[in-house]
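Since we're looking at a predicted model, the values are computed, not measured. Residues take their numbers from the sequence shown, with the count starting at 1.
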Amino acid sequence: MAKLTKLDDIVALCKRRGFIYQSSEIYGGLASCYDYGPLGAELKRNVRNAWWKTVVQMRDDIVGLDCSILMHPMVWKASGHADKFADLVTVCKKCSTRTRVDHLQEKPGGQQEHTEHVAIDAEEAKEHNLSKKVCPSCGTVGQFNKPMAFKLMFETQMGANVDDTMTLWLRPETAQGIFANFRNVLDSTRVKVPFGIAQIGKSFRNEVTTKAFIFRTREFEQAEIEFFCKPGTDEEWYKHWKDFRFNWYLNLGMKKENLRFRDHDKDELAHYAKACVDVEYKFPFGSGDWQELEGIANRQDFDLRQHQRGMRTMNAWYETRDVTKLQLKDEAEDWIKGPLSYFDEESKERFVPYVIEPSAGIDRSCLAFLVDAYDEDEINGEQRNVLRFHPSLAPIKTGIFPLVKKDGLPEIARNIYDELKGCFACFYDEKGAVGRRYRRQDEAGTPCCITVDGQSKEDQTVTVRDRDSLKQDRVNTAQLKNYLRDKLGL
Ligand code: ATP
C-alpha cells in the first residue's frame, strides 16, 4: 500500500503548496474538475512550453494551430465521433454503480482489458463475459446488467433565436480541428509533405469513471500532432515519432525505469489504424501501475478521406441540420484527387497523405512529472519533501533570501530579485528561519536558492544552494545571471 500513500502525499502537497485544488471547493467541489493554483499554473505552462518548443519551435517541419473548441457538427459526423464515440459500460445490479467494461477486474491487482473509445455494437457487448468481474464500488462479483454504449461527448446549444439554435458538441479531442484546417494551412503557408500541424488545447469527455486526481478528468488539455506523410513512408515516420516523443519525457528528467512502450494488439487497434503504441508511465495507482501517458498512432489516410466524405454530404446536412439523422455519402470515385488531397510538385503525384498522430495529455504529463519528481529525504536528521523537477519545468527557478531581515541585507536581496526577475521566475522571501525557507522551495521544486549574508556586503558575493546536492557555491552578484543560465540550462 506504500505506493497508494505516495499519490495521497502528492495530492496533499499539491493542495498545501498551491499546485492543484479541487474545482469549486467552497461549494463542496465539482467531481473530476481541478484548478491549477499559482505553482501549478506555472508548472502546467512550463510543460506546454516545453512541448511547443521541441515540437514546433525547434523543428522546421511543424507548424502550430489554435482552433476553437466549438466546431461544425459535421466535423464530428465525418470523424465518427457523433455516432461512435462511446464507452461500453455496465451497471452493478447491487449498488447501481456504472463502470467501463474495460476497467472491470477479476480480482484486485488483475489486469485490465485495453480498448479504445470506438464503435460499440451489440455483438461486441456479447463477447464480454462479466461473470467473474468485480464491481469496483461494492465488490460484488458477476452481478452486472447487459453492457451498453455510453456517449462521451458533452452537448451544448449555440444561437440566440429559437429557429437558428444548433446543437453542438464540446470537442472530445483537438485533432479534428487540425484535419479541418489541413487545406487552409497548405494554402496559406509554404509547408510541403512531409510536415505536421501541432495544437495544444482543452478537450472534454463525459468520462464514465474519473479517477486518480488529474489522471482522468472530464475537462483536460491535450497536445496533439498530426504529421502528414506520403503513403509508403508512414512506417518510417511512425518509428521517428515513437523515439522523438519517448525522448521528450526522458530529456525533461523523467526516469527511464518509469517509462515504457506498449504496442496495441491487433484486436485492440481501431479499424483505420495500421499501428498504435502507448507511452506508459508507472503511476502509483491502479491495477498494474502502468498507465497510458500518450498514444502514437499510424492513422493512414482515414481522417482526411472521412472529411472528404463529410464535405460531399453537406447538401444533405442543410436539409435536416441534424447529423444524427444523416448518412455520410460514400467516397467519390476519384477521392484520391479530392479537396483534401496533396499534389507533390517534385514527383508530380497526387495522393491523400497518411497521418502519424502523437497525442499527449498536458494534465496527465503534469501528474507524471509531479510523481516522478517527488522525493523524501533527510537533512541533518530532519525529513524533507522535495520535488526534483527539471529546471525548465520548475515553477520557480530561484528563491532569493536575505539571511536576516536587517543590516541592509533585504535591500541587496531585493536588488538581485529586481535584476533577475525579467529572466527567470524568481521568488523573494525574507520571512522565518533560512532553513525553513529552503525547505519551502525544495517542496516547490525550485532548483536553487540565492542567499545574501554578511559577506555579501563586503565582497558582493552570495551563496547559491543547489536543491539536490545541497552544495553551496559563492558567486559574484555581477556573474549571477550567467551562472544561473549555465546552471539551469535556460
Ligand atoms: P483512455 O482509453 O485512457 O480513456 P484514450 O486512449 O481514449 O484514453 P486518447 O484519445 O488517445 O486517450 O487521448 C490522448 C491522450 O489524451 C491520452 O494519452 C491522455 O494523456 C490524454 N487524455 C485522454 N483522456 C483524458 C482524460 N479524460 N483526462 C486527462 N487526460 C486525458
Side-chain angles (χ1 to χ4, degrees), residues 10 13-20 36-47 49 253 369-370 373-380 382-457 460-490:
I10 286 164
L13 184 148
C14 283
K15 167 96 199 276
R16 188 168 73 240
R17 294 308 318 274
F19 277 94
I20 299 164
Y36 287 76
L39 289 180
E42 296 291 340
L43 170 67
K44 190 172 180 184
R45 185 206 299 258
N46 292 340
V47 171
N49 288 349
F369 283 121
L370 275 162
Y374 184 83
D375 199 6
E376 290 167 4
D377 62 7
E378 238 184 61
I379 306 178
N380 304 330
E382 237 188 274
Q383 200 203 304
R384 82 168 171 162
N385 296 330
V386 53
L387 287 171
R388 301 192 194 279
F389 284 134
H390 185 278
S392 56
L393 297 184
I396 300 168
K397 309 304 179 200
T398 185
I400 300 162
F401 317 144
L403 184 62
V404 288
K405 210 172 146 187
K406 57 182 185 186
D407 303 335
L409 302 190
E411 288 73 13
I412 301 174
R414 274 259 168 221
N415 282 343
I416 293 173
Y417 172 70
D418 287 339
E419 181 71 16
L420 294 180
K421 69 184 180 191
C423 302
F424 310 99
C426 303
F427 186 78
Y428 177 80
D429 191 3
E430 58 182 25
K431 289 190 204 85
V434 77
R436 192 160 314 149
R437 281 180 265 165
Y438 283 144
R439 277 191 296 285
R440 274 183 72 77
Q441 292 306 314
D442 292 341
E443 213 182 29
T446 307
C448 62
C449 291
I450 297 166
T451 304
V452 174
D453 54 19
Q455 195 182 326
S456 310
K457 285 209 292 188
Q460 285 77 50
T461 62
V462 291
T463 60
V464 182
R465 171 214 186 243
D466 184 274
R467 173 196 68 202
D468 299 329
S469 70
L470 304 176
K471 276 222 244 97
Q472 306 217 3
D473 278 353
R474 204 103 212 150
V475 182
N476 194 295
T477 44
Q479 304 299 325
L480 257 182
K481 223 181 253 181
N482 285 339
Y483 174 91
L484 290 175
R485 273 204 186 105
D486 280 358
K487 183 175 173 63
L488 304 175
L490 301 172

In Å, rounded to the nearest 0.5 Å, how long is the span from [atom1] of [X] to [atom2] of [Y]?
{"X": "Tyr428", "Y": "Asp418", "atom1": "OH", "atom2": "CG", "result": "10.0 Å"}
{"X": "Phe424", "Y": "Tyr417", "atom1": "CZ", "atom2": "OH", "result": "14.0 Å"}
{"X": "Arg45", "Y": "Glu42", "atom1": "CZ", "atom2": "CD", "result": "5.5 Å"}
{"X": "Arg384", "Y": "Ile379", "atom1": "CZ", "atom2": "CD1", "result": "4.0 Å"}
{"X": "Gln441", "Y": "Ile450", "atom1": "CD", "atom2": "CD1", "result": "11.0 Å"}
{"X": "Leu470", "Y": "Asp377", "atom1": "CG", "atom2": "CG", "result": "7.0 Å"}

Any donor-acceptor pair under 3.5 Å linking the side chain of [X] with the backbone of [Y]?
{"X": "Asn385", "Y": "Tyr374", "value": "no"}
{"X": "Thr477", "Y": "Gln460", "value": "yes"}
{"X": "Thr398", "Y": "Cys426", "value": "no"}
{"X": "Arg440", "Y": "Arg17", "value": "no"}
{"X": "Lys397", "Y": "Pro391", "value": "yes"}

Sequence neighbours left out, cut at 3.5 Å: what donor-acceptor pairs do the side chains of residues 482-490 make with other protein atoms?
from	atom 1	to	atom 2	distance (Å)
Tyr483	OH	Asp473	OD2	2.7
Lys487	NZ	Asp466	OD2	2.6

Just so I know, are the side chains of [X] and [Y] near enough to count as touching, which here means a heavy-atom distance under 4.5 Å?
{"X": "Asn46", "Y": "His390", "answer": "no"}
{"X": "Phe19", "Y": "Leu387", "answer": "yes"}
{"X": "Cys423", "Y": "Lys481", "answer": "yes"}

### Query
Among Arg16, Arg388, Arg436, which one satisfies salt bridge (charged side-chain N to carboxylate O under 4.0 Å, His left out) with Glu443?
Arg16
### Message
Against Ile412, only a single residue in Asp407, Ile400, Val452 fulfils side-chain contact (heavy atoms from CB on, under 4.5 Å); can you say which?
### Response
Val452
### Query
Given the rule in the salt bridge (Lys or Arg N to Asp or Glu O under 4.0 Å) test, do Arg474 and Asp453 qualify, once you have shown the distances and angles that lead to the verdict?
CA-CA 11 Å; Arg474 204 103 212 150; Asp453 54 19; 2.7 Å; yes
#### Entry: Evaluation steps, side-chain contact (heavy atoms from CB on, under 4.5 Å), between Thr451 and Tyr438
CA-CA 10 Å; Thr451 304; Tyr438 283 144; 2.8 Å; yes
### Query
For Ile20 and Lys44, what are the C-alpha separation, side-chain angles and deciding distance, and is it a side-chain contact (heavy atoms from CB on, under 4.5 Å)?
CA-CA 10 Å; Ile20 299 164; Lys44 190 172 180 184; over 6 Å; no
### Message
According to side chain to side chain donor-acceptor pair (under 3.5 Å), who are the partners of Arg465, at least two apart in sequence or on a separate chain?
### Response
Asp442
### Task
Take Leu370 and Phe389, measure what side-chain contact (heavy atoms from CB on, under 4.5 Å) needs, and give me the verdict at the end.
CA-CA 8 Å; Leu370 275 162; Phe389 284 134; 3.8 Å; yes
Kindly give the heavy-atom pair with the smallest separation between [X] and [Y], and that separation in Å.
{"X": "Ala394", "Y": "Pro447", "result": "CB-CD, 3.7 Å"}
{"X": "Ala444", "Y": "Leu39", "result": "CB-CD1, 3.7 Å"}
{"X": "Glu430", "Y": "Pro410", "result": "OE1-CB, 3.7 Å"}

### Gln455 vs Thr461, side-chain contact (heavy atoms from CB on, under 4.5 Å): CA-CA, chis, key distance, verdict
CA-CA 7 Å; Gln455 195 182 326; Thr461 62; 3.8 Å; yes
